[in-house]
Amino acid sequence: MIRLTEVDLPQAYRYMGMHTEPDERMQQLAVICEKRLLSLVSPRYIHLVCPIRQTEGGVLCEGTTLLLTGQDIAAHLEGCDRAVILCATLSAGAEAAIRQAGASDVLAGMMTDAMASALTEQLCDAAEQEILAGLPETHPTWRFSPGYGDLPLTVQGDLLRTVNAEKRLGVTLSESGMLIPSKTVTAVIGLSSQPVQKGKRGCAVCNMNKSCPYRAKGVHCA
Amino acid sequence: MTELLKNHPFLFLDGGMGTMLQAEGLLLGGVPELWNLERPETITAVHRAYAEAGSHVVYANTFGCNRLKMARTGHTVGELIPAAIRNARASGAEYVALDIGPIGQMLEPTGILKFEEAYDIYREEIEAGKDADLIVFETMSDLLEVRAGVLAAKEHGNGKPIFVTMSFEENGRTFTGCSVAAMGLTLEGLGVDAIGVNCSLGPEELVPIVEELCKWTTLPVIVKPNAGLPDPVTNTYNFTPERFGECMKRFVEMGAVIFGGCCGTTPAHIRAMTETVSAMQPVERHPEIPSAVCTANKVVPITEPRIIGERINPTGKKRFKQALIEHDIDYILGQAIQQIDAGADILDVNVGLPEIDETEMMILAVKAIQGITDTPLQLDTTDPQALEAGLRIYNGKPIVNSVNGEEESLNTVLPLVKKYGAAVVGLTLDKNGIPKTEEGRFAIAERILDRALALGIRREDVFIDCLTLTASAEQEGVMQTLHALHRVRYELGLHTVLGVSNISFGLPNRELVNRNFLTMALYAGLSLPIINPNIDSMTAAVRTYKLLANIDRNAVDFIAHYGAETAPAPKAAQGSSMTLEAAISAGLKSEAGSLTKEMLGTSDAMTIVNDQLIPALDKAGAQFEQGKIFLPQLISAASAAQSAFEVIKEHLSATSSESVDRGTIVLATVKGDIHDIGKNIVKILLENYGYRVIDLGKDVPYEDVADATEKYHAPLVGLSALMTTTLPSMEGTIKLLRERCPWCQTVVGGAVLTPDYAEHIGADFYAKDAKETVDIAKQVFGN
């Protein structure tokens, strides 16, 4: 399983809205928050590799109930014959760390939350690397998640059931469509035997691109 | 021992259901429970195959059959569960179990499902499954959810046997962090019939987990592993039936007596298992389980003196009383964290006050404290209703404080202790008061113990308090207390509790008296001192005792705490030239607090607020707007201002009825949303400006926002939402506020919100950050 031994601090500071070097006190707080977070999370992921087929209604993951709808995912998976369905989570321990930190110090709570977000990205990167290492001679697309472009968030339920995320990972979906534990990511990676044209990643397919505070400042969130 | 085991020295359960149905064409992600209606013959055939392979018990196909998961199928629990049990019965298996899995929604505080709702969901399943022979909960991860289910099964299951298996990872914990020991202590306390493990791992990985469980329970142990680990490409499991059966030998040797298989296992695996196990003899276990209390994530064995922190108690504390009346849970949480940091192993929780509803406050306090810490609690109340409410929702095994030798107390408190599997403090007093002599108190201790044992409460779960009398008033009584304590500890063999600080009441240098009495009591056999751990010398006395008594081997703990100490830490900023404004700008919390304390000697509280605190915050706010500082620094300044404010509140509640109040604002993260960090930042800033914030928390129903706005007649309500999927909740809340509280204005914020959208949903204001919310508040309140 994945071991994460440190948080990508520059990324965490950026999530916090810090655009300068943190001062000494902030760095001291970061040491405490990072230690607590790493001691409480259990980063894990599960995945399923399944054949896919483009249909009129969307991209169908064969042998499952999962149908990925919308034009953006169809374009993303163009030329792919299989896909990795990924679910990765830091576990409920991340929430516990955020609550514990925030109970006595709002700043520590916010910092721990930002660190957990950064750590979730690190987990996904490591998971993707590990998965693809087991699939030689395939060409992957980048990770595409529900909520990107016109792939609706409502697909989460079927996606989680397909990989049995509740039983195997402890990940659930609230009635309002939130993944719980909240530091959880689901994604689809297309696989092709031929090199794939990697679509544009980032702002272009992001729903926030009109109102994004990072773009307003001329920077990126990730 | 359960009836089922009387008939079978080894009881065999079935194997995987999902695996078998997938082989019959069920898609991944499909709903197996629907096949109870659509393909009953297929379901019965699977059960029959297991019965023929040697399973005494088959689990009906009801794992996910709860009202939330079945909502999208168009079928009800009342249709599906009876059908599933009929299908199982038709297989001819000896016993049919109602199989219950996790609800699929996480409980508070990680998720939004309430304990009471979880209980009701399980109650519905259990009532629909009345024709089953036993009730099993499996693949459980959250101990609190298990407690909800087991209570529902006890209260609505007509006395059916209850089995519980939880799923652990290699680190010996479930997904939610529950430890094996906590599971054993809590579920044996609740009176289930057998416990064990299922799913998540293969048999080999489960060896250390089952070993640990066998140390922590006297109940029959269940082992129901997966057929190894799954392959993500082929979606199959890697253990052959033979290898699976062979692996079970280890568990028989450890003393497990109930066996089955989980994901990936087939009738062939079960047959191999029953053949291997049947050829062996059951191994008797006699675990010696120590006295211990726990939360789901932390077990505190009472194998050495443990500190119970006494500060969550309003007696004699004006500021604490004020916090209770105002439902200021953050204040109580602050008290909890401070004591844990100082060295408390267990926290006493007393939230009784004539002016408030103690039951409601007990629930609120226990939930909130358990949300931020895994330190076990001691529920301290004289109100049986508040006690039961606390016991019901407590996640783990708590201590009840207290029962005494009076009939009424024994008859009311001990049954609750038994039902909820708690430990209990027995006070050595009765209707005649506190006996003067050690003999009198020892006799009451014996009586309490006898009554507890008669109800089936374990001896290890009875702790006795021989009661500290005040040395200034009853000097001759001090040694009587210690003699009684010694006899209880060594003649009855029970652990002892003592509230220490009462000893010095009315004397000078109380700390000196308390510390020495504490050391004497520890030597006499005190197991659980109830003290103020924030007083260094008291905590140090316990640590020193553990060192000298050879409990803290090689002085590891003592050196960890005192090894680096060179000189007393300098008192922050005393007499320094730093101003309060500078301390706030720099985010120096303790300096801001101590400077405020100093200034209160010469200045009026409101003058400090208006001339120092608020200008300092204004300055930080302006710098933030100009991009000279960023949100973390603004929060840092606000936190420093908050500690200054806390000093002022303490001062005001002790000296006058005056309070800082620029107006009341209701804050909430809307229904369905659990992201509350932004809201908390807004809250701290508003409070620093002297506004009274009624914080309703996260996932707040529309009605609760309107109720609070009505109750406090709040002119301003702040709502936050982080998800696009929860924005409709924001709109719904505003709509209800318009109807019920037409006087109030609303300000909204959150990552996905825009000014346009805010206007669209009828909000009066959009705030892009916490600073802007303060500006809006100033505008609304005209101050």
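This structure is a prediction, so every number in the text was calculated from the model and none was measured. Below, chain A is the first sequence line, B the second, and so on; all start at residue 1.
With a threshold of 4.5 angstrom between heavy atoms, B:I337 approaches chain A through side-chain atoms but not through N, CA, C or O. For chain A, no part of B:A368 is nearby; none of its heavy atoms comes within less than 4.5 Å. Using a 4.5 Å cut-off between heavy atoms, B:D673 touches chain A through backbone and side chain atoms alike. Heavy-atom distances place the side chain of A:S42, and not its backbone, under 4.5 Å from chain B. Only the side chain of B:K69 comes within contact range of chain A, with at least one heavy atom under 4.5 Å from a heavy atom of that chain. When heavy atoms are compared at a cutoff of 4.5 Å, A:S104 approaches chain B by way of both its backbone and its side chain.
Residues of residues 89-96 of chain A lying under 4.5 angstrom from chain B, judged on non-hydrogen atoms, are A:S91, A:A92, A:E95 in numerical order.
Listed options B:G672, B:S729, B:P632 were ranked by heavy-atom pairs under 4.5 angstrom with chain A; first place goes to B:P632. For the options B:G334, B:A638, B:G371, B:G30, heavy-atom pairs under 4.5 Å to chain A are most numerous at B:G371. Note: B:S636 leads B:S636, B:S639, B:G177 in heavy-atom pairs under 4.5 Å with chain A. No other option in B:G111, B:P102, B:P109 has as many heavy-atom pairs under 4.5 Å with chain A as B:P109. Among B:Q338, B:K589, B:Q22, B:R173, the residue with the largest count of heavy-atom pairs under 4.5 Å with chain A is B:K589.
Side-chain contact between A:E175 and B:L68 is present, with at least one heavy-atom pair separated by less than 4.5 Å. The shortest distance between side-chain heavy atoms of A:R44 and B:F175 falls below 4.5 Å. By the 4.5 Å heavy-atom criterion applied to side chains, A:M178 and B:D699 are not counted as neighbours. Looking only at side-chain heavy atoms (C-beta outward), A:K167 and B:C199 come within less than 4.5 Å of each other.
Between the A:R25 side chain and the B:L588 main chain, no donor and acceptor come within less than 3.5 Å of each other.
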